[in-house]
> 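Dumping the structure here so I can ask a few things about it.
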Amino acid sequence: MSRDSILAKIDAATEAGSKAEIDALAAELISEPDGYRAEIAPQPLDARFIEKATSETVTATVEKLSSLSDIPTAVSAYLTAKDLKPKIAVQPKECLTNLNWSGLETVDHAQMNEPVAITFADAGIAETGSLVFFTGPDAPVLLNFLPLHHLAVVRNSTIKAYMEDIFDTFGTTRTKQGRSCNIITGTSGTADIEARNVRGAHGPRFMHILLIAD
């Protein structure tokens, strides 16, 4: 039986509804989101985000900062604490490149086995402790995945309760979107061998989140 014959039989057996019917069914499925998503305890979203991001399974660390201008000092302190060289790959976004990086060597791209990179997240998800990154000319994707240490900046005001809230904000046809969206939850890890949790298997071994109050 040819491919066309198989597809024709599938089409004949499938009664496709009108666009209005499909839209109505989709709306019904998501009309009561509390029925299918996890309940979040009554607490500030940033508190829930920190709780999940620093959990044993996600294994990130979080540092609260008052403003963007505090970032270089925090980065220097992190490099010193980890006994790393004063060098960092900085995402070429103006909010980061305009900071005072004196005392640190900076580059705008990541090489293989890059020790440290810092990027700016578009949003955070309190439900899972995840960060959302859209790619663009000033947001190359490799800076999120090549370094051993991934330092990620996120504004407190951009933390959403659920993943669905992210798509409500960024994922519609009415919103200009980047080429791709990466949702990153903590450090890279695998338990493929003897069920032992190994960090840094496919990406950064360490994630340090700089949470900016605003």
> Under 3.5 Å, is there a donor on one side chain and an acceptor on the other for Ser102 and Asn100?
yes
> Side chains of Thr128 and Thr185: is there a donor and an acceptor less than 3.5 Å apart?
no
> Within this structure, what is the CG-OG1 distance for the pair Asp108 and Thr106, rounded to the nearest 0.5 Å?
8.0 Å
> Show the nearest heavy-atom pair for residues Leu99 and Pro72, with the distance to one decimal.
CB-CG, 3.9 Å
> Any heavy-atom pair between the side chains of Cys95 and Leu68 that's under 4.5 Å?
yes
> If you round to the nearest 0.5 Å, how far is CG of Leu45 from CD of Glu127?
11.5 Å
> Evaluate the side chain to side chain contact (heavy atoms under 4.5 Å, CB included) criterion for residues Leu151 and Phe206: first the C-alpha distance (whole Å), next the side-chain angles of each, then the deciding distance (0.1 Å), finally the verdict.
CA-CA 8 Å; Leu151 277 59; Phe206 306 96; over 6 Å; no
> Do Val116 and Leu84 have side-chain heavy atoms sitting under 4.5 Å apart?
yes
> Check Phe133 against Ala152 and note the closest heavy-atom contact, atom names and distance.
CZ-CB, 4.1 Å
> Give me the one residue out of Thr59, Asn144, Thr187 that meets side-chain contact (heavy atoms from CB on, under 4.5 Å) with Met207.
Thr187
> Output the distance between atom CG (Asn113) and atom CG (Leu148), rounded to the nearest 0.5 Å.
8.5 Å
> Are Leu104 and Phe120 connected, step by step, through hydrophobic side chains (Ile, Leu, Val, Met, Phe, Trp, Tyr) whose heavy atoms are closer than 4.5 Å?
yes
> Please work out which of the three classes, parallel, tilted or perpendicular, describes the rings of His149 and Tyr78, given edges at 30° and 60°.
perpendicular
> Contact between His208 and His150 at the side-chain level, heavy atoms closer than 4.5 Å - yes or no?
no
> Measuring from atom OG1 of Thr158 to atom CD1 of Ile125, what distance do you get when rounded to the nearest 0.5 angstrom?
10.5 Å
> Do you know which two heavy atoms are closest between Leu79 and Lys85, and how far apart they sit?
CD1-O, 3.7 Å
> Any idea which heavy atoms bring Gly124 and Ile166 closest together, and the distance?
O-CD1, 4.0 Å
> Do you reckon Ile212 sits in the same ILVMFWY cluster as Trp101, going by side-chain contacts under 4.5 Å, direct or chained?
yes
> Supply the atom-to-atom distance Asp122 CG to Arg155 CZ, rounded to the nearest 0.5 angstrom.
11.5 Å
> Val75 and Ile88: side chain to side chain contact (heavy atoms under 4.5 Å, CB included), yes or no, with the steps?
CA-CA 9 Å; Val75 170; Ile88 186 169; 3.7 Å; yes
> For the residue pair Thr73 / Ser76, report whether a side-chain donor-acceptor contact shorter than 3.5 Å exists.
no
> How long is the span from the CD1 atom in Ile209 to the CD1 atom in Ile50, to the nearest 0.5 Å?
9.0 Å
> Would you mind reporting whether Leu131 and Phe49 have side-chain heavy atoms less than 4.5 Å apart?
yes
> Where the side chain of Asp165 meets the backbone of Lys160, is there a donor-acceptor pair that is under 3.5 Å apart?
no
> State whether the side chain of Arg205 and the backbone N or O of Ser188 hold a donor-acceptor pair below 3.5 Å, judged by distance alone.
no
> Does Ile159 belong to the same Ile/Leu/Val/Met/Phe/Trp/Tyr cluster as Leu65, with side-chain heavy atoms less than 4.5 Å apart forming each link?
no
> Determine, using the 4.5 Å side-chain heavy-atom cutoff (strictly less than), whether Val107 and Val90 are members of one ILVMFWY cluster.
no
> Quick check: are there more than 12 heavy atoms from other residues, nucleotides or ligands sitting under 6.0 Å from CG of Asn98?
yes
> Tell me whether Leu143 is reachable from Val153 by hopping between hydrophobic residues (I, L, V, M, F, W, Y) whose side-chain heavy atoms are closer than 4.5 Å.
no
> Determine whether Leu210 and Asp70 make a side-chain contact, defined as any pair of heavy atoms from C-beta on separated by less than 4.5 Å.
no
> For Lys52 versus Ala126, what's the shortest heavy-atom pair and its separation?
CG-O, 3.5 Å
> Give me the atom names and distance for the closest heavy-atom approach of Gly186 to Ile184.
O-CG2, 3.6 Å
> List the steps, then state whether side chain to side chain contact (heavy atoms under 4.5 Å, CB included) holds for Met112 with Leu146.
CA-CA 6 Å; Met112 293 295 294; Leu146 286 183; 4.0 Å; yes
> For the pair Lys87 and Glu114, evaluate side chain to side chain contact (heavy atoms under 4.5 Å, CB included) and give the outcome as yes or no after the intermediate values.
CA-CA 10 Å; Lys87 176 187 175 183; Glu114 188 73 40; 4.1 Å; yes
